[in-house]
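Structure record follows, encoded as structure tokens.
Side chains included, hydrogens not; waters and symmetry mates left out as well; all remaining heavy atoms used. Both ligands and their constituent atoms are indexed starting at 1 by order of listing.
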Amino acid sequence: MKHTGRFGTYGGFYVPEVLMPALEELEDAFYRFYQDEQFSQELKQLLKSYAGRPTPLYYAKRFSEQVGFKVYLKREDLLHGGAHKMNNTLGQGLLAKYMGKSKLIAETGAGQHGLATAMVGSLFGFDTKVFMGSTDIVRQSVNVHKMKLCGAEVIEVEGGTGTLKDAINEALRYWTSTVSDTFYLFGSVCGPHPYPTIVREFQTCIGKETKAQCLEQLGRLPDLIVACVGGGSNAIGIFSSFIDDKDVRLIGVEAGGKGIKTREHAATLLKGKVGILHGAKSYLLQDEEGQIYETESVSAGLDYPGVGPEHCLLKDSGRAEYVAAEDTDVLDAFELLCKTEGILPALESSHALAYLRSQKGKLDGEAIVVVNLSGRGDKDVGIVEQCRPAG
Ligand SMILES: *Cc1c(COP(=O)(O)O)cnc(C)c1O
């Protein structure tokens, strides 16, 4: 079952020579422990008692009435830490422990992955460093504080534009000199092989649970599955169990930006061109010279100029469809879920909800749609307040 690291022509292993042994060690360890009974049991137990799995599949009745078809929410917002990130950080954290590493490093943009890593770092007693761009440190100061409370050191990255892309560059650079005792805990289904495969596997619990819950609660599979796409991990997590069920449409929603900020550098799969970033080949937001654009979105968690290689393949094959949601529609969808259900979704997840609103009158009233509600919106209340002062 060992994966080649290629999804069609995408993915791969484009890293400096010094990182090759570390990635090979990681790949070997992953395949050894992921199938190991003790490792599986320990992870299963932690996902249950520490993180709160299984998460519910909830029928959003009043939201459904507004859009005109049946909407079920996969409640990853209820997971410890407030987002699906914990599935991956628990898995990789445990892997680091089994590999005998003593230190964790991670990159973070909005701070959600950094926080989930800091939590797991303190759970397992690792020395944890989180690399974060200087711009993001200012924008996401609450998460910086939370990471420090959990005992992590937050390392400010000054280069570039001080965002996620720069944090990943710096974390990779730091890793080259510390590989012997340090585990790089990567946050999404991007980066060099084996990360897209490892992160995917640790997020498949979302799809497996969803499928079982659909069969139990609805007696059938859904017609549509919708998830937001930044790097692509929550989307792959829920899509993975349904890829062979050809009657289930898979829809990924990217950040379309606009409205709130002025530039249009958004929607990687829709507008990007193939290139290499952070060790992998994928669609990228880049100019004619191959310079990477800065993405622009109301939700920091979707601000990444690349996208996971498996999504690139799913797009080319047509198995999954990708669309973009613009900021104003995202905010409308955020408000609608708050008003109809009393659930505050993350702005990232609100992209998926915005797609549902756009389908009003287009989908059959009996259609069943499952949305991966990837995270909760508490972290975004300040941004929403700035854009839409509450009346
Ligand atoms: C980080 C994050 C995302 C984007 O990451 P993916 O890898 O695309 O899932 C989406 N939603 C929430 C709540 C996040 O924290």
Side-chain angles (χ1 to χ4, degrees), residues 55 73-89 92 106-117 119 130 132 136 140 142-143 146 163-164 167-168 185-191 195-196 198-200 202-207 225-240 251-255 266-269 278 280 282-283 295 297-312 314 320 322 324-325 330 333-334 337 343-354 371-381 383:
T55 59
L73 306 175
K74 180 59 175 164
R75 299 288 310 274
E76 294 301 294
D77 61 312
L78 294 177
L79 206 64
H80 179 52
H84 68 290
K85 299 284 196 304
M86 184 58 63
N87 299 319
N88 173 47
T89 51
Q92 287 193 53
E107 80 294 341
T108 200
Q112 291 300 104
H113 174 60
L115 179 58
T117 304
M119 287 169 161
V130 178
M132 190 169 188
D136 286 335
Q140 306 289 338
V142 176
N143 271 341
K146 287 183 185 171
T163 57
L164 177 60
I168 297 177
L185 206 163
F186 200 78
S188 193
V189 286
C190 310
Y195 286 110
I198 291 181
V199 179
R200 171 196 212 272
F202 287 139
Q203 292 292 1
T204 53
C205 53
I206 305 174
I225 293 189
V226 186
C228 65
V229 176
S233 69
N234 87 86
I236 284 292
I238 195 162
F239 288 178
S240 56
I251 313 250
V253 187
E254 295 189 287
T268 312
L269 283 157
H278 299 137
S282 81
Y283 284 99
T295 49
S297 162
V298 67
S299 65
L302 300 183
D303 263 353
Y304 183 63
V307 66
E310 191 171 1
H311 284 293
C312 301
L314 288 171
Y322 296 88
V330 171
F334 173 94
L337 194 71
I343 295 172
L344 280 68
L347 283 176
E348 291 87 349
S349 323
S350 302
H351 284 69
L353 299 169
V371 178
N372 196 8
L373 203 72
S374 55
R376 63 173 137 94
D378 305 50
K379 68 184 176 54
D380 298 319
V381 170
I383 300 167

Anything under 3.5 Å between a donor and an acceptor, one on a side chain of residues 226-236, the other on a protein residue two or more places apart or in another chain? List them.
| from | atom 1 | to | atom 2 | distance (Å) |
| --- | --- | --- | --- | --- |
| Ser233 | OG | His84 | NE2 | 3.2 |
| Asn234 | OD1 | Asn372 | ND2 | 3.1 |
| Asn234 | ND2 | Cys228 | O | 3.2 |

So, Thr117 and Thr89: side-chain donor and acceptor under 3.5 Å apart, yes or no? no
Heavy-atom contacts under 4.0 Å to ligand 1, chain-then-number order, include exactly Ala83, His84, Lys85, Gln112, Ser188, Cys228, Val229, Gly230, Gly231, Gly232, Ser233, Asn234, Gly301, Leu302, Ala346, Glu348, Ser374, Gly375
Does Gly187 offer a backbone N or O that forms a donor-acceptor pair with the side chain of Glu107 under 3.5 Å? yes
State which residues pass side-chain contact (heavy atoms from CB on, under 4.5 Å) with Thr55; sequence neighbours excluded, sorted by chain then number. Arg53, Lys74, Glu76, Leu79, Glu209
Checking side-chain polar atoms at under 3.5 Å, does Tyr195 have a donor or acceptor matched by the opposite partner on His278? no
side-chain contact (heavy atoms from CB on, under 4.5 Å) partners of Cys312, counting only residues at least two apart: Tyr10, Leu269, Ser282, Tyr283, Val307
